[in-house]
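The figures here come from the full heavy-atom set of this structure, side chains too, leaving out hydrogens, waters and symmetry mates.
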Amino acid sequence: QVQLVESGGGWAQAGGSLRLSCSASARMWSYYAMGWFRQVPGKEREFVASISGSGGTTYYADSVQGRFTISRDSAKNTVYLQMNSLKPEDTAVYYCATGDTIVRVRTSAPYWGQGTQVTVSS
């Protein structure tokens with residue numbers, strides 16, 4: 001069983017930056033792909049970014065491409081989401097997720113964190 005704990009959410013002004021972290025408990029996690037998703041009330045959860053187990057492959061949603069960067073530190077069992085040039089429409093609860101492949105993370109990730117709120121004011 002993998003446990004994921006997000007941190008780093010909070011408040012930022014438009015144009016500002018935040019960095020989210022997601023720490024995993026499982027020893028084998030370093031081989032797993034990771035992803036970030038977000039959800040606002042009344043809307044479906046949407047994909048934000050994902051990274052392969054090796055860290056060599058990343059994918060981004062068009063809405064965050066060029067502004068957000070996903071990375072991982074396998075020695076710390078942690079994945080990061082650096083969010084720059086934040087916009088009010090980035091306001092959401094952000095979740096990290098993990099699975100055995102980068103495709104599975106995006107489509108049917110079996111493990112999820114509890115979420116962290118990000119609020120961007122204009």
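The two residues A33 and T98 have their closest heavy-atom pair at O-OG1, 2.8 Å. Scanning all heavy atoms of the two residues, the minimum distance from D90 to S85 falls at OD2-O, 4.4 Å. Of all non-hydrogen atoms in S121 and P88, the two that sit nearest each other are C-CG, 4.5 Å. Closest of all the heavy-atom pairs between R38 and A92 is CB-CB, 3.7 Å. Among all heavy-atom pairs drawn from V93 and Q117, the shortest one is CG2-OE1, 3.2 Å. For the residue pair R45 and Q39, the shortest heavy atom distance occurs at N-NE2, 3.6 Å.
No more than 12 heavy atoms of other residues, nucleotides or ligands sit less than 6.0 Å from atom CD of Q3. Residue-environment remark: OH (Y59) stays at or below the threshold of 12 foreign heavy atoms within 6.0 Å.
A 4.5 Å side-chain heavy-atom check between V120 and W11 finds every atom pair outside the cut-off. Annotation: side chain of K87 is not in contact with side chain of S122 (no heavy-atom distance under 4.5 Å).
Among W112, Y94, W36, the single residue meeting the side chain to side chain contact (heavy atoms under 4.5 Å, CB included) criterion with E6 is W36. Among the candidates S25, S23, C22, the single residue satisfying the side chain to side chain contact (heavy atoms under 4.5 Å, CB included) test with L4 is C22.
No donor-acceptor pair closer than 3.5 Å links the side chain of T91 to the backbone N or O of E89.
Between F37 and F47, a ring centre-to-centre spacing shorter than 6.0 Å is recorded.
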